[in-house]
Structures are given as C-alpha cells and as structure tokens.
Amino acid sequence: MPFVEILAVAVALAMDAFAVAIAAGAALRIVTNRQTFRLAWHFGLFQAAMPIIGWFGGLIVRDYFLRFGHWITFALLLYIGGHMLWEGLHHDENDVCQDPTAGSRLIMLSVATSIDALAVGFTLAMLRLSIWFPAAIIGVVALLFTAAGMHLGKFLGCQTRLGHYAEVLGGLVLMGIGGKILWQGL
C-alpha cells in the first residue's frame, strides 16, 4: 500500500479523535501538557492497536464485528455524550469539570474513537498486506491530531463563549459521531 494511501486512511481515522479532542480542550479551558499527552497518547495507542487487533482477528470475528461494531461504537458514544450533555445542562457554577483525559472516560473515549480502525486491520488482512507500518502511521497521525485538537479546543473555549457550553456541545458532538457511525453501519 503506498504511503499516500496509508496517510489518507490515517487522517480519516483521526477525524473522530480530533473532534473529541476539540470538545475536551474547550470543556477543560485550561489544558496542561500532561492532559494533552494523556489524551494524545491513548488515542494514538488505541488507533495503532485496533488495526493490529483487526488484522490478527481476521476471519475469525470479522462477520460478527462488522455486523455489530457500529452498534458498540454508537452505544459508547451515546453513553459518554449523553453523560456530558446531562452534566452541561445541569451545570452548577461550583462544580468542577470532569477531566476527559483521566480514568474510565479516557478509556471509553479511546475505544470509541478507534473502533473504526479495527475494520482497517481486517481489510489489510484480507488484502494480505503487512500491518506494522500502517498501524504506526495511523497511531502517530491520531496522536498529532489529538494534541492539535486539544489546544484548538482550549483556544476556542477561552476566546469564545464556547467554553461555558463546551460540555453540552461536546456531548452533542459525541452523540452525533455515534449516530453517523450507526447510520453508516446500517
């Protein structure tokens, strides 16, 4: 597979992570290097690992996951997005925003934004192509897009009134991404 094609696939896969990172940066408003590293590292790691898992899974679970993968992604994003929406609508000025770069939220977001990379691994296995170089490129691109998205979100959250509504907006974005994935999978 030519490098340009691998890069195009990597950028396409990184778009969900980029959108989630923007929402996270806007919600946090103050983004530390540690938070940026945690989110970018996990998104990059999961984006690199999922094609490898898909590649090794190959034919064994292909039919099952291709049938239900979009439902799993939708459910995860609906849950996380709904929770963010609920918190944003029931916002108390004294409440501290939950950090999406830590704990179970980080893991759920990492899985939800990288499930589509699993299908890429399946595809590469079916084409009998090596997975290692594409997986590395996919992971690095996701890491870079996530870091950029965090800081773009921070800028938007601080420069506009978006920061006040970021939790609501972030929840709606995640639910929208989940709906898009579900729609495409049906």
Side-chain angles (χ1 to χ4, degrees), residues 1-25 28 31-77 79-81 99-153 170 173-174 177-178 180-181 184-185:
M1 177 180 249
F3 178 75
V4 173
E5 289 179 16
I6 295 170
L7 189 59
V9 168
V11 168
L13 290 174
M15 286 298 121
D16 289 350
F18 183 66
V20 170
I22 290 172
L28 291 171
V31 176
T32 66
N33 289 337
R34 183 180 174 133
Q35 289 169 319
T36 300
F37 175 78
R38 273 195 314 246
L39 194 67
W41 172 257
H42 279 81
F43 280 14
L45 179 67
F46 276 71
Q47 285 282 1
M50 285 296 203
I52 294 169
I53 293 168
W55 191 77
F56 279 116
L59 295 174
I60 298 170
V61 294
R62 184 190 78 176
D63 292 333
Y64 171 78
F65 201 83
L66 291 179
R67 269 188 275 149
F68 299 108
H70 56 280
W71 285 102
I72 295 167
T73 303
F74 172 72
L76 284 170
L77 289 174
Y79 172 76
I80 297 166
D99 186 355
T101 70
S104 63
R105 260 188 168 182
L106 174 61
I107 300 302
M108 284 192 292
L109 287 172
S110 298
V111 169
T113 58
S114 65
I115 284 181
D116 51 352
L118 195 67
V120 170
F122 283 130
T123 303
L124 293 176
M126 297 305 122
L127 296 173
R128 299 181 190 269
L129 296 173
S130 174
I131 191 62
W132 306 109
F133 183 67
I137 298 301
I138 289 167
V140 168
V141 169
L143 183 142
L144 295 173
F145 272 55
T146 302
M150 283 284 285
H151 290 284
L152 178 60
V173 166
L174 291 179
I177 291 170
K180 178 194 76 140
I181 290 169
Q184 290 172 341

Scan the side chains in residues 43-56 for donor-acceptor partners under 3.5 Å anywhere in the protein, sequence neighbours excluded, and list what turns up.
unit_1 : atom_1 : unit_2 : atom_2 : d
Gln47  : NE2    : Leu13  : O      : 3.2
Gln47  : NE2    : Thr113 : O      : 2.8
Trp55  : NE1    : Leu129 : O      : 2.9

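The shortest non-hydrogen separation linking Pro100 to Leu39 is O-CD1, 4.1 Å.
Separation of atoms CG (Leu28) and OG1 (Thr101) is listed at 6.0 Å; rounding is to 0.5 Å. Put simply, OG on Ser110 and CD1 on Ile115 are 11.0 Å apart, with the number rounded to the nearest 0.5 Å. With values rounded to the nearest 0.5 angstrom, Ile22 atom CD1 is found 11.5 Å from Met150 atom CE.
Note on ring orientation: taking the six-membered ring where Trp is involved, the planes of Phe18 and Phe145 are perpendicular (angle over 60°, cut-offs 30° and 60°).
Considering only heavy atoms from C-beta on, Ile107 comes within 4.5 Å of His42 through its side chain.
In this structure, the side chain of Thr32 engages the main chain of Gln35 through a donor-acceptor pair within 3.5 Å.
A side-chain contact (heavy atoms from CB on, under 4.5 Å) with Val9 is found for exactly one of Val141, Val120, Ile137, Leu124, namely Val120.
Among pairs with a residue in residues 143-152, those fulfilling side-chain hydrogen bond (donor to acceptor under 3.5 Å, both in side chains) read Thr36-His151, at least two apart in sequence or across chains.
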